[in-house]
K.L.:
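A single structure is presented below for examination.
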Amino acid sequence: MNRKITFSLLVVMSIILSACATATPSATPSNNDATSVIVPTVSSNTEVSTSTPAPSSDSNASTSSNLACSGGSSSANPAMELTEGPYYKSGSPELANLYQEGMAGTKLVVSGYVYDTNCQPVANAWLDFWQANGNGVYDNNGYTLRGHQYTDANGHFELTTVVPGIYPGRTEHIHVKVQAPNGTIITSQLFFPGVSQNDSDGIYDASLLLSIQETGDGLQGQFNFVVPVQ
Ligand code: FE
């Protein structure tokens, strides 16, 4: 092989290698502003999923539709309603910090905003959270890991809790009811990305995924709700 041909081959290989390096996918940008957007209502009162599993497309991703209201001008649909399940108890304490030292489960702080359908923040919105502990067990006698709170003047809320454990038939989830002052109550659930049971849980919906980041002291999750104001 003469020098010219060898040199040409080297140039071609260098171009191919360079193109491959450029085509390597970069890391998915984190979504810190998840917002739910869809509306169908599930009226079943059981939490054990018996329906067809959710599409297995990508339970790790918060979809682009979760970004509704980030611009603050366009209208959006209220948060998706999901079954209340059998473990709701009314009369929870007004408490934003449900975490107790020594509690089973990884510490988790969930924060976000409540918006109306015109993407305006809703002050004094009621949020009632309830969930299983890190072992997948609900406190049905008392109010451990149950508490309600109200958004501040900017529509912001913050919940301190633990990552709930799974229990038969269900993936990790946090139950929530949200209501704007004088608005209708939206009953829903929040989910966690990257949980293998998401795809076999018929109640799971990717539009209700928290955006999760690790912190030095557990996990931080973000989610924005859209609710009707009347
Ligand atoms: Fe549950």
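Note that the numbering runs from 1 along the sequence shown for the chain. As the structure lists them, so they are numbered: ligands from 1, and atoms in each ligand from 1.
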K.L.:
May I ask you to check whether T184 and Q179 show a side-chain donor-acceptor distance below 3.5 Å?
P.N.:
no

K.L.:
Does a sphere of radius 6.0 Å around CD in E214 hold more than 12 heavy atoms from other residues, nucleotides or ligands, not counting ones at 6.0 Å or beyond?
P.N.:
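Result for CD/E214: open.
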
K.L.:
Quick one: report the N, O or S atom of H175 that is nearest to the Fe ion (ligand 1).
P.N.:
NE2

K.L.:
Tell me whether the rings of F191 and Y204 are parallel (<30°), tilted (30 to 60°) or perpendicular (>60°).
P.N.:
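Perpendicular, since the angle between the ring planes exceeds 60°.
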
K.L.:
Are Y88 and W130 close enough that their ring centres sit under 6.0 Å apart?
P.N.:
yes

K.L.:
Taking both backbone and side-chain atoms into account, decide whether Y138 has an N/O/S atom under 2.8 Å from the Fe ion (ligand 1).
P.N.:
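Here the distance criterion (N, O or S atom, under 2.8 Å) is met by Y138, so yes.
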
K.L.:
I'd like to know if the Fe ion (ligand 1) has an N/O/S atom from Y167 within less than 2.8 Å of it, counting both backbone and side-chain atoms.
P.N.:
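So Y167 counts as coordinating the Fe ion (ligand 1), yes.
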
